[in-house]
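The structure appears right after this line, and notes come after that.
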Amino acid sequence: RPDPEPDLSPARLLNSSCSLEKTLRCSCSFHGIPTPSVQWWVGGVPVGVNSVDGGLQVTSTTLGPWANSTISLRGDPEIVRRLHCAGRNPYGIHTSSIFLIPGKSSVSSVFLRGLVQGTVYGAMASALLLFCLVLLA
């Protein structure tokens with residue numbers, strides 16, 4: 001008798017954080033089975049995985065069902081107003097929006113407000129589909 005398939009689960013955001021020193025660094029960690037892929041958007045524009053583009057650098061790693069991704073922005077972080085990270089697998093998508101708010105006292109200071117918005121799309125769609133199938137049966 002073959003082994004049963006492992007439990008499948010939608011992508012879920014576990015942690016999101018940012019720090020600002022010489023560079024702005026934000027990280028997102030996701031969990032899901034199968035392992036989620038992670039995508040970043042800067043100001044609504046997608047950034048390639050494990051890419052270095054101008055002042056942007058994205059580094060992503062996976063270990064088992066966990067996916068971690070970090071984006072680093074060199075230069076003036078004030079030109080970026082928002083970041084999005086999204087974890088995706090066939091069973092769901094979970095996104096987080098990070099808004100960057102320029103400080104009032106100094107042009108160079110930036111206050112970070114993370115985890116303003118987290119939304120699970122795929123998990124709700126899967127649950128709704130399952131509910132409809134149960135009703136039809």
*Say you draw a straight line from CG of L13 to NE2 of H31; how long is it, rounded to the nearest 0.5 Å?*
12.5 Å
*Side chains of W40 and S69, donor plus acceptor under 3.5 Å*: yes
*For residues W66 and L14, determine if any side-chain heavy atom of one lies less than 4.5 Å from a side-chain heavy atom of the other.*
yes
_Pair S19, R25: side-chain N/O donor-acceptor within cut-off below 3.5 Å_ = no
*Are L56 and L24 linked, directly or through other ILVMFWY residues, by side chains that come within less than 4.5 angstrom of each other?*
yes
_Pair S97, L83 - check side chain to side chain contact (heavy atoms under 4.5 Å, CB included), show working._
CA-CA 6 Å; S97 296; L83 300 171; over 6 Å; no
*When hydrophobic residues are tied together by side-chain contacts of less than 4.5 Å, even through go-betweens, does L73 share a cluster with L20?*
yes
*Note, P36 side chain near R88 side chain (heavy atom, < 4.5 Å)*: no
*Can you find a pair of side-chain heavy atoms, one from C85 and one from F30, that are under 4.5 Å apart?*
yes
*If you take all heavy atoms of P46 and W41, which pair is closest and at what distance?*
N-CD1, 3.2 Å
*Do N68 and S27 have side-chain heavy atoms sitting under 4.5 Å apart?*
no
*Atom of A67, atom of V38 and distance for their closest heavy-atom approach*: CB-CG2, 3.8 Å
*Measure from the side-chain N and O atoms of N89 to the backbone N and O of P34, and report whether any donor-acceptor pair falls under 3.5 Å.*
yes
_Keeping T35 on the side-chain end and G64 on the backbone end, is there a donor-acceptor pair under 3.5 Å?_
yes
*Can I33 be reached from Y91 by stepping across I, L, V, M, F, W or Y side chains whose heavy atoms are under 4.5 Å apart?*
yes
*Donor-acceptor contact present, side-chain Q39 to main-chain V47, <3.5 Å*: yes
*Distance only, no hydrogens: is a donor on one side chain within 3.5 Å (strictly under) of an acceptor on the other, for T95 and H84?*
no
*Find out whether S16 and I98 are in side-chain contact, i.e. whether some heavy atom of one side chain is under 4.5 Å from a heavy atom of the other.*
yes
*Yes or no on side chain to side chain contact (heavy atoms under 4.5 Å, CB included) for V58 and T70, after CA distance, side-chain angles and deciding distance?*
CA-CA 6 Å; V58 175; T70 300; over 6 Å; no
